[in-house]
Amino acid sequence: MGRGRQKAKATKQARDIKYYSPSTDYAALERELGAGASHSSHRYADDPEPDYSDYEDKYADQFADEDDDEDSRRIG
């Protein structure tokens, strides 16, 4: 008999959470988002592009893939 009461309580709590809509301060949100945009665009404007040549795979195209051979397929 306790399971029905427990399930009803859980359903009520889930419904309360699902339909809960707090008041939003859009002016504060606009200030917060507007303040970060001017700094971030200026921050990366003067940085040089990093050199990734050390991470390049030097042997990537040297060997053919083994899966491309049609003769090595097994039929059966």
Side-chain angles (χ1 to χ4, degrees):
M1 187 159 118
R3 176 68 181 131
R5 188 175 294 166
Q6 182 182 8
K7 185 176 179 184
K9 183 177 181 182
T11 304
K12 181 179 183 280
Q13 289 173 340
R15 192 178 298 119
D16 289 344
I17 292 170
K18 181 179 180 180
Y19 295 112
Y20 174 71
S21 59
S23 60
T24 305
D25 186 5
Y26 292 107
L29 180 63
E30 184 179 0
R31 285 192 305 271
E32 183 179 337
L33 294 175
S38 64
H39 297 294
S40 65
S41 63
H42 182 267
R43 179 176 157 196
Y44 297 111
D46 298 330
D47 291 342
E49 184 69 28
D51 182 25
Y52 293 114
S53 62
D54 294 337
Y55 302 108
E56 181 181 358
D57 189 6
K58 297 173 185 168
Y59 306 105
D61 295 326
Q62 186 175 2
F63 301 106
D65 292 337
E66 294 177 11
D67 296 337
D68 292 342
D69 297 335
E70 292 182 19
D71 296 334
S72 64
R73 290 188 193 166
R74 292 167 79 177
I75 300 173

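The first residue in the sequence is number 1, and the count goes up from there.
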Q) Asp54: what forms a side-chain hydrogen bond (donor to acceptor under 3.5 Å, both in side chains) with it, not counting sequence neighbours? A) none
Q.
Counting C-beta onward and ignoring hydrogens, is there a side-chain heavy-atom pair between Lys12 and Lys9 closer than 4.5 Å?
A. no
Q.
Tell me every residue that passes side chain to side chain contact (heavy atoms under 4.5 Å, CB included) with Ala10, counting only those two or more places apart in sequence or in another chain.
A. none
**Q.** CZ-CG distance between Arg31 and Asp25, expressed to the nearest 0.5 angstrom
**A.** 6.0 Å
Q: Would you please name every residue forming a side chain to side chain contact (heavy atoms under 4.5 Å, CB included) with Ala8, sequence neighbours left out?
A: none
